[in-house]
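What follows is one structure encoded as structure tokens, with my remarks underneath.
Throughout, numbering of the chain's residues begins at 1 and tracks the sequence. Remember, it's 1-based here, ligands and their atoms both numbered in the order they're listed.
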Amino acid sequence: MRVAITREISAQMARCELTFQNRQPLDLEVARSQHRRYVACLAALGCSVLRLPEEPELPDSVFVEDTAVVLEETAVITRPGAESRRPETAAVAQALRPYRPLIFIEPPGTMDGGDVLCMGRRIFVGLSRRSNESAVLQLRRRLAPYGYTVTGVRVQHCLHLKSAVTEVADNTLLINRDWVDGDVFAPARLIDVDPREPGAANALRIGQTVLFPKAFPATRKHLEAQRVQLRLVDVSEIAKAEGGVTCCSLIFPT
Ligand code: CIR
């Protein structure tokens, strides 16, 4: 059984953090209806969805991925790199408590879950605008007893590590190598995003299916050529807040 934690879109979403994108008018109703369809996809793929209530004062709170990293043995509550996002972790920690013992990233560490790519016992953390070396060291120390290795990875031109690379099948990564060095992940098989779609590397794997944005038809062909089974979703309005498909949920086995 898989649980997916999501959170309703904040009425203040138009005031979200933006780093690499310009602010565009955001239609809250369209964003909410895209989010509803995204949640329905998670349920259709077998997740038991735990929908946290809206936090009107926290513009980015729909992006629950950034608040925690859920592993088999423990859940790590992050300390988001953007100060405006730090209060987001409280409700997610509360929601995770029944499922895992919690550990916390402490100052001066900062980490967004969007920077954390888990491949079995190998964990990669983007050294980005949001996540720093202190968080990597804390994570390494806390997770070593469980047999995890934790490696910091430089990323450029994008918000998070998982803007640049995500896992789409066992030992198979979808990647934009202009944003992150692919050699770090050896011996993983790499599928490149189409050069016309630099933002296409963020895909959400649920079992053998990958949730993938409709906005990237050229990269979709690369994935289909490699027999990755896709389910397409429209997240165009959510993307205006610099979010993708991974960031709107925390998915883990119970
Ligand atoms: C932010 O800048 O923090 C939000 N506007 C977007 C966060 C997206 N999160 C993610 O991709 N994991």
Q. Any chain of hydrophobic side-chain contacts (each under 4.5 Å) joining Leu58 to Leu50?
A.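 Per the 4.5 Å side-chain linkage, Leu58 and Leu50 are not co-clustered.
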Is any side-chain heavy atom of [Y] closer than 4.5 Å to one of [X]?
X	Y	value
Phe252	Arg100	yes
Ile123	Leu71	yes
Tyr146	Thr74	yes
Asn171	Met119	yes

Write out each pair where an N or O from ligand 1 and one from the protein are under 3.5 Å apart, with the distance.
residue  : atom   : partner : partner atom : Å
ligand 1 : 2 (O)  : Glu17   : O            : 3.3
ligand 1 : 2 (O)  : Arg130  : NH2          : 2.9
ligand 1 : 3 (O)  : Arg85   : NH1          : 2.8
ligand 1 : 3 (O)  : Arg130  : NH1          : 2.7
ligand 1 : 3 (O)  : Arg130  : NH2          : 3.4
ligand 1 : 5 (N)  : Glu17   : O            : 2.8
ligand 1 : 5 (N)  : Asp60   : OD1          : 2.8
ligand 1 : 5 (N)  : Ala241  : O            : 2.7
ligand 1 : 9 (N)  : Asp66   : OD2          : 2.8
ligand 1 : 11 (O) : His160  : ND1          : 3.4
ligand 1 : 12 (N) : Glu65   : OE1          : 2.7
ligand 1 : 12 (N) : Asp66   : OD1          : 2.9
ligand 1 : 12 (N) : Asp66   : OD2          : 3.3

Q) Can you list the residues that meet the ring-ring contact (aromatic ring centres under 6.0 Å, His included) rule with Phe20, with sequence neighbours excluded? A) none
